[in-house]
2 protein chains.
Amino acid sequence: MHRVAASRLAAVGQRYTPGRRMLIDTLQAAGRPLTIPEIIETTGGLPQSSAYRTMAVLTQAGVVRRVVAADEFARFELAEDLSTHHHHLLCTGCGVVADFELPSKLEDQLEAAFEAAATQHHFGSVQHRVDLVGLCTACTNTAAR
Amino acid sequence: MHRVAASRLAAVGQRYTPGRRMLIDTLQAAGRPLTIPEIIETTGGLPQSSAYRTMAVLTQAGVVRRVVAADEFARFELAEDLSTHHHHLLCTGCGVVADFELPSKLEDQLEAAFEAAATQHHFGSVQHRVDLVGLCTACTNTAAR
DNA sequence: ATGAGTGCAAAGGCTTTGCATTAGG
DNA sequence: CCTAATGCAAAGCCTTTGCACTCAT
């Protein structure tokens, strides 16, 4: 994985520094999209600007994907080809993000339908974003106050 | 439609004022999600705070849905039960949003799969968000500079 | 008259950026 | 050595909020 990351960074004229490598490890270890505050906490006090800047570089290099959750903070996760294709369950209450997958057959059908829609609307280089938005258990209970 | 809007606003203790009615008309006339700047321009100089505040009220009342596009601005559209169920094509270049629909059969299968995933993760009151992210024709050409 | 809605201006909060310092080729 | 990366601090930008005014009941 680090090999891929290094080559992708090189492809956009960026180095693979220890700091960047560490953040990639952090994301992989988390196994779910992390916010900048979470990243800072996990790494034990990384400066905000470094966190934002590194995520920007990694996103641009295609190593990391930026996930837009409900509102609040953006979240970052490893690019899909460095992990697995999956989707997100977003809690509108607390913002937590969980991963889930779809049956591969359904995934294939979706892909075909998306391809058709993109072609029809003259959109290129399309990725799909299939998320569920709702309330997690904790927030459901809270909302029932 | 205005009847529904009025009753939903009433349900959350809000009035259906001319200003709010006008913004709903604006959204319906647009037929696609609009940003606050677009709304201001379309209405000919509505104050920002009124635009944001009215959208917040309408969103809370379930008359309007907030669409999180690529980055940039949030966009607002009529709630699905006041228009039709559809999905979005988001351009990462210029932020423009187009609508598209999926075959109803596929939509049904998706719904079932989502229901299963939500149950498994103990998420409640789930809505799905199926979007395509890519580059529109104009931005594809621009990117090829 | 009384309370909600609106407008203006200022504040808030996530994110980005300028500049000096440090590390890497 | 010289360019790129990092850290700190300040600025930016979308959005929200305080306060006074207006309108509808």
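Naming convention: chains lettered A, B, ... in sequence-line order (proteins, then strands); numbering from 1 in each chain. Every heavy atom of this structure was used, including side-chain atoms; hydrogens, water molecules and symmetry mates were not.
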Which pairs would a plain distance check flag for residues 39-47 of chain B, meaning a side-chain donor or acceptor within less than 3.5 Å of a matching protein atom at least two apart in sequence or in another chain?
residue : atom : partner : partner atom : Å
B:Thr42 : OG1  : B:Glu38 : O            : 2.7
B:Thr43 : OG1  : B:Ile39 : O            : 2.8
B:Thr43 : OG1  : B:Ile40 : O            : 3.1

Phosphate OP1/OP2 of D:dA5: any A:Arg21 side-chain N/O under 4.0 Å: no

In whole angstroms, the gap separating P of C:dG5 from CD of B:Gln60 amounts to 11 Å

Work out which heavy atom in A:Leu27 is nearest to a heavy atom in A:Glu77; give both atom names and the distance. CD1-C, 4.1 Å

For B:Glu80, the salt bridge (charged side-chain N to carboxylate O under 4.0 Å, His left out) test, sequence neighbours excluded, returns B:Arg65

Between atom CE in B:Met22 and atom C1' in C:dG5, what is the gap in whole Å? 13 Å

Kindly say if B:Thr17 contacts the phosphate of C:dA4, meaning a side-chain N or O under 4.0 Å from OP1 or OP2. no

Would B:Leu78 and B:Ile36 show up in the same hydrophobic cluster when neighbours are defined by side-chain heavy atoms closer than 4.5 Å? yes

Protein-nucleotide distance (B:Phe73, atom CZ; D:dG12, atom P), rounded to Å: 16 Å

Of the listed D:dT15, C:dT6, C:dT15, the closest approach to the B:Arg20 side chain comes from C:dT6

What is the distance, to the nearest angstrom, from the CD1 atom on B:Ile36 to the C1' atom on D:dC13? 14 Å

Tell me the interatomic distance from A:Gln14, atom CD, to D:dA4, atom C1', rounded to whole angstroms. 8 Å

Review item, nucleotides 22-25 of chain D N/O atoms under 3.5 Å of protein N/O:
none

Among residues at least two apart in sequence or on other chains, which ones pass salt bridge (charged side-chain N to carboxylate O under 4.0 Å, His left out) with A:Arg53? none

Quick test of your reading: applying side-chain hydrogen bond (donor to acceptor under 3.5 Å, both in side chains), list the pairs with at least one residue in residues 1-10 of chain A, sequence neighbours left out, ordered by first then second residue. A:His2-A:Tyr16, A:His2-A:Asp25, A:Arg8-A:Asp81

Where at least one partner belongs to residues 9-24 of chain B, residue pairs that pass salt bridge (charged side-chain N to carboxylate O under 4.0 Å, His left out), sequence neighbours excluded: none

All ring pair (Phe, Tyr, Trp, His ring centres under 6.0 Å) counterparts of A:His128, not counting sequence neighbours: A:His85, A:His87, A:Phe114

Rounding to a whole Å, what distance do you find between B:Ile40:CD1 and D:dT15:P? 10 Å

Near DNA chain C, counting only heavy atoms under 4.0 Å, which residues of residues 45-54 of chain A show up? A:Gln48, A:Ser49, A:Tyr52, A:Arg53

Between OH of A:Tyr16 and P of D:dT6 the distance, given in whole Å, is 12 Å

Atom-pair distance (CZ on A:Phe76; C1' on C:dC14), nearest Å: 11 Å

With sequence neighbours excluded, give me every salt bridge (charged side-chain N to carboxylate O under 4.0 Å, His left out) pair touching residues 88-114 of chain B. none

